[in-house]
Amino acid sequence: MPELPEVETVVRGLREALVGRTILAAEFPKPAGRMTNIDADLLAARVQGQRVRSLSRRAKYIVAALDRDTLLIHLRMTGRLYIREPQQSDPADAYLRVRFALNDGHELRFSDARKFGRVLLTDAPDSILPALGPEPLEPEFTLEAFAARLAGRKGVLKSLLLNQAFIAGVGNIYADEALNMARLHPLRTADSLSSAEIKRLYHAIQQALETGITMQGASINWYRKPDGTKGEQQQHLRVYHDPRQEKDKRCPECGTPIQTMTVGQRGTHFCPKCQKVRRTAAKAHAKG
DNA sequence: CGGACAACCTGGCGGC
DNA sequence: TGCCGCCAGGTTGTCC
């Protein structure tokens, strides 16, 4: 599931090969369906001849600034973005949805088995992007700013972390990882947190995401780097896992079997020992 | 604001 | 072996 670390890895992996190139043509092998925000033929006509000025990331969106427009790509579940030579095939080509011809002879391809991904072209990206919270790894995201955003919130932490309008880029994997690192139960509510817990959560979010980037993303199932290889983060996950592939997953801190539950319609993984629903009165007293 | 739920999709898995 | 049915998940939209 491409989240901030996975999308960041894709952006970094494509930047050198893409920035400065000019898009000569766009081809849609199959009907675009809901994938694009405008008619596919119109999109193809508009990108033609535009140079890629920069490649960046906002939340889970890949942002390609072109001469006159901005190309926004969201991988959602199974989207993949990669550059190949025209005759060079890739397993992901089975689900190819867009092919951009570049002026250096290469192709930028977008494939997507589940068809949830989005390819958007606009001259006003702010007007079509949804409300997005702060970037957790930017310097503006301070502990004070995070605490201020939490103030007044009452929802459960797991759902809040997944809310892109609250904080950008966190998805199901890294929400569970961050909550385990912070030793907070997924069902704890925002208004129940002490200052110390807010601080733990703040650092845990950043640490979980930074580790994910260092490991170049988690290839639990569909995610691959632009070169087609897997990331490494799936080998370092603390609680998140696929129970069918990984039975007997245990907490790295205490060895307790990881528990799973559903929170806000999302599979949720946590350590029942490290992540209590609430501190017990005895423990709270003992800790002062 | 927040929770619940449906919808979008389809590969891959469990179950039989 | 083969077929059926369900689940996964990011996001949006609806409803209360």
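In what follows, chains are A, B, ... by sequence order, proteins preceding strands, each numbered from 1. Here the structure is a predicted model, which is why all the values come from computation and not from measurement.
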A/K115 vs B/dC8: side-chain N/O to OP1/OP2 distance below 4.0 Å: no
Identify whether any heavy atom of A/Q164 sits under 4.0 Å from a base atom; if not, whether one sits that close to sugar-phosphate; answer base, sugar-phosphate or nothing. sugar-phosphate
B/dC8 pyrimidine/purine six-ring stacking with A/F116, under 5.5 Å and 30°: yes
Looking across every strand, which nucleic acid part, if any, lies under 4.0 Å from A/G267 by heavy atom: base, sugar-phosphate, or nothing? sugar-phosphate
Of A/R118 and A/N163, whose closest DNA chain B nucleotide lies nearer the 5' terminus? A/N163
Rounded to whole angstroms, how far apart are NZ on A/K154 and P on B/dG3? 11 Å
Is the number of heavy atoms from other residues, nucleotides or ligands under 6.0 Å of A/K154 NZ greater than 12? no
Counting any heavy atom closer than 4.0 Å, what does A/Y174 reach on the DNA or RNA strands: base, sugar-phosphate only, or nothing? nothing
Residue that, paired with A/R84, satisfies side chain to side chain donor-acceptor pair (under 3.5 Å) out of A/D93, A/D90, A/D227: A/D90
Table of protein N/O atoms under 3.5 Å from nucleotides 11-16 of chain B N/O atoms:
residue : atom : partner : partner atom : Å
B/dG11  : N3   : A/R114  : NH2          : 3.2

Within less than 4.0 Å of OP1 or OP2 of C/dG10, is there a side-chain N or O belonging to A/H74? no
Using only heavy-atom distances, decide whether a donor-acceptor pair under 3.5 angstrom links the side-chain of A/R153 to the base of B/dG2. no
Kindly confirm or rule out a cation-pi arrangement of A/R80 over A/Y82, judged by NZ or CZ under 6.0 Å from the six-membered ring centre and within 45° of its axis? yes
Looking only at side-chain N and O atoms, does A/R34 come under 4.0 Å of OP1 or OP2 in B/dC9? yes
Just call it for A/P2: base, sugar-phosphate, or nothing, with non-hydrogen atoms closer than 4.0 Å on any strand. nothing
